[in-house]
Amino acid sequence: MPLTRRTLIAASLSITFALAPLTSAFAASPQPAKGEHGMVVTAQHLASEVGIDVLKKGGNAVDAAVAVGYALAVVYPNAGNIGGGGFMTIRFKDGKSTFLDFRERAPLAATKTMYLDKDGNPVKGASLDGYLAVGVPGSVAGLELAREKYGKLSRQDLMAPAIGYAKDGFILNQGDATSFAGSADRLAKDPAAAAIFLKPDGKPYGIGERLVQPDLAASLAAISEKGPDAFYKGAIADAIVKASGAKGGILAKPDFEQYAVRELKPVTCTYRGYEITSSPPPSSGGVIICEILNVLEGYPLSYLGAGSAETIHVMIEAMRYAYVDRNSALGDPDFVDNPVSKLLDKAYAKDIRDKIDPFRAGVSQELMPKGFGESKETTHYSIIDDDGNAVAVTYTLNGSFGAGVVADGTGILLNNEMDDFTQKPGVPNLYGLVQGEANAIQSKKTPLSSMSPTVVAKDGKPFMVIGSPGGSRIITITLEAIVNVIDHGMNIQEAIDAPRIHHQWLPDKVYVEPFGLSPDTEKLLAGMGYHLDLADQTWGQAAGILVGGKSLAEIEKGGGARYNGAIDSRAASGEALGY
Ligand code: GLY
């Protein structure tokens, strides 16, 4: 185990804060779930059961991921979807890996200025609400490509549980009911969405009530029988295009017919001897996680201690520099020449470290590139099978319940992913991200994402599967879980539950979860020049698996469970299930 502040208090980087308090803000966490043959961790307990059943029946981790993807579209409709898109990172048992990009694309008729008024200013809500906000969905094509190429079971077998939950309904628990209640006003604006997700009296479904989705069951049954053509070339696409045309959207049949999944090489890097495999552009996730880890590798984080002012300081500065790169340089690889090798270079990370003042906060405005003018509801699930195939999936409608619209007769909620593009350089999006030209809207382009489905390996074996929703914060949520396990020795549940901080260059603020820092640490950071935004809400819902023990100490000692799963304590309906 690395030397920690708990084991040695001595002079460190700092001056006045050398005796920053030991970490005390972290509450106790429940024990991780254990399994010897497989583990499925999702944000909705019924979907976790679907995944574990697939593994027990002989399906592999990809089969389970496909079945979970369809199940979440029914039982977790605020983010699970077939009307949105996402990413799948797969690390196979032989150590090879791949990445499926089934994220949304801009419609053919999309233009750079489509969300601006005649004076060139963004029209409020235009990229978030209604059909103009909808990108061409990719989930059905992505899940089917994964199944066909890497799965073992039939589409019919994998879709049957989702069809059953849509047709026969499922009973809402507290977490389900809370997410429905939170979006009731929005869903009420679209008659087709309201007819599904609100009761005849206009109220949202409550705890113990059953949600039945017959139209969605019929759409899923058509896909199960005929494959993705039922979605992209048949009646479903026709219905979505018709509704879009009638309600101010620009989706056209060729948008659906031309949709294609991209299979890409994942981003890889090393951190203190661990091998990270994560999402490449059009996600910024993997690149920016690696860039931040490369910077942090030069600091003795385990010695500085979890939650200490020194640790928080270097983490914020690494985040600040990396998010400048994220927001200014990255975009869809078919349209932009992404400087991935530069951003992943350890020498570049050293240049950043050399610029970090050990005693003072940086200033974001000073990092403004030349020419540069939350959870928001995504969901992540992590799966590993008996052979050691590991799958991390993050997929999304973007905002909670997406654009809040359903084309009549389809039962399918549609995304508002177009908001992830730069509407206008310098103007913040849903997540407060201020972005540049590389992520400008273009026909058929994919908006830059932060989704970071990640697999970490050690000595050629899977070590950790991790990811989270959280919009622009996905990157720091995933990063902090990795650092908490590797540097701070937390078990997988503690690593996920620990309070979070976040910085994204602009606005120049450090977001801190409730009770994330002790008052002493807050004072030390404020004294260094940081603007702390002490949030009254938590963010993210990470889902993780650790292999060989629940923590690094247990792995090193031996004798831990083979698979150790943790769903974020912030995820009210989720479950980690092992067998
Ligand atoms: N819509 C959130 C993301 O892709 O980053």
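Order of appearance sets the numbers: ligands from 1, and atoms from 1 within every ligand. Remember, predicted model here, so these are calculated numbers, not experimental data. Along the sequence shown, residues are numbered consecutively beginning with 1.
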_Protein contact of atom 4 (O) of ligand 1 - nearest heavy atom, named by residue and atom, plus distance_ =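 The closest heavy atom on the protein side is Ser449 OG, 2.7 Å.
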
*Minimum-distance protein heavy atom relative to atom 5 (O) of ligand 1*: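 For atom 5 (O) of ligand 1, the nearest protein heavy atom is Ser450 N, 2.7 Å.
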
_Arg320 to Trp505, cation-pi by 6.0 Å centre distance and 45° axis angle_ =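 Here Arg320 fails the 6.0 Å and 45° test against Trp505.
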
*Does Arg186 make a cation-pi contact with Phe401 (under 6.0 Å, within 45 degrees of the axis)?*
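Checked: cation-pi criterion not met.
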
*Go through ligand 1 atom by atom and flag the ones less than 4.0 Å from a non-hydrogen atom of Met451.*
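What qualifies from ligand 1 is 3 (C), 4 (O), 5 (O).
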
*Can you sort out which atoms of ligand 1 are near Asp420, meaning under 4.0 Å from one of its heavy atoms?*
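Those of ligand 1 that fall under 4.0 Å from Asp420 are 1 (N), 2 (C), 3 (C), 4 (O), 5 (O).
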
*Give yes if a backbone or side-chain nitrogen or oxygen of Thr396 is under 3.5 Å from a nitrogen or oxygen of ligand 1, and no if not.*
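N/O-N/O distance below 3.5 Å does not exist for this pair.
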
*So do the side chains of Val427 and Gln423 get within less than 4.5 Å of each other, counting heavy atoms only?*
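No - every pair of side-chain heavy atoms lies 4.5 Å or more apart.
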
*asked:* If the test is side-chain hydrogen bond (donor to acceptor under 3.5 Å, both in side chains), which one of Thr396, Thr446, Asp420, Thr394 qualifies with Arg103?
replied: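 With Arg103 as partner, Thr396, Thr446, Asp420, Thr394 yield a single side-chain hydrogen bond (donor to acceptor under 3.5 Å, both in side chains), made by Asp420.
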
*Taking atom types as modelled, is there a side-chain donor on Gln435 or Asn439 under 3.5 Å from an acceptor on the other?*
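Yes, a side-chain donor-acceptor pair sits under 3.5 Å.
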
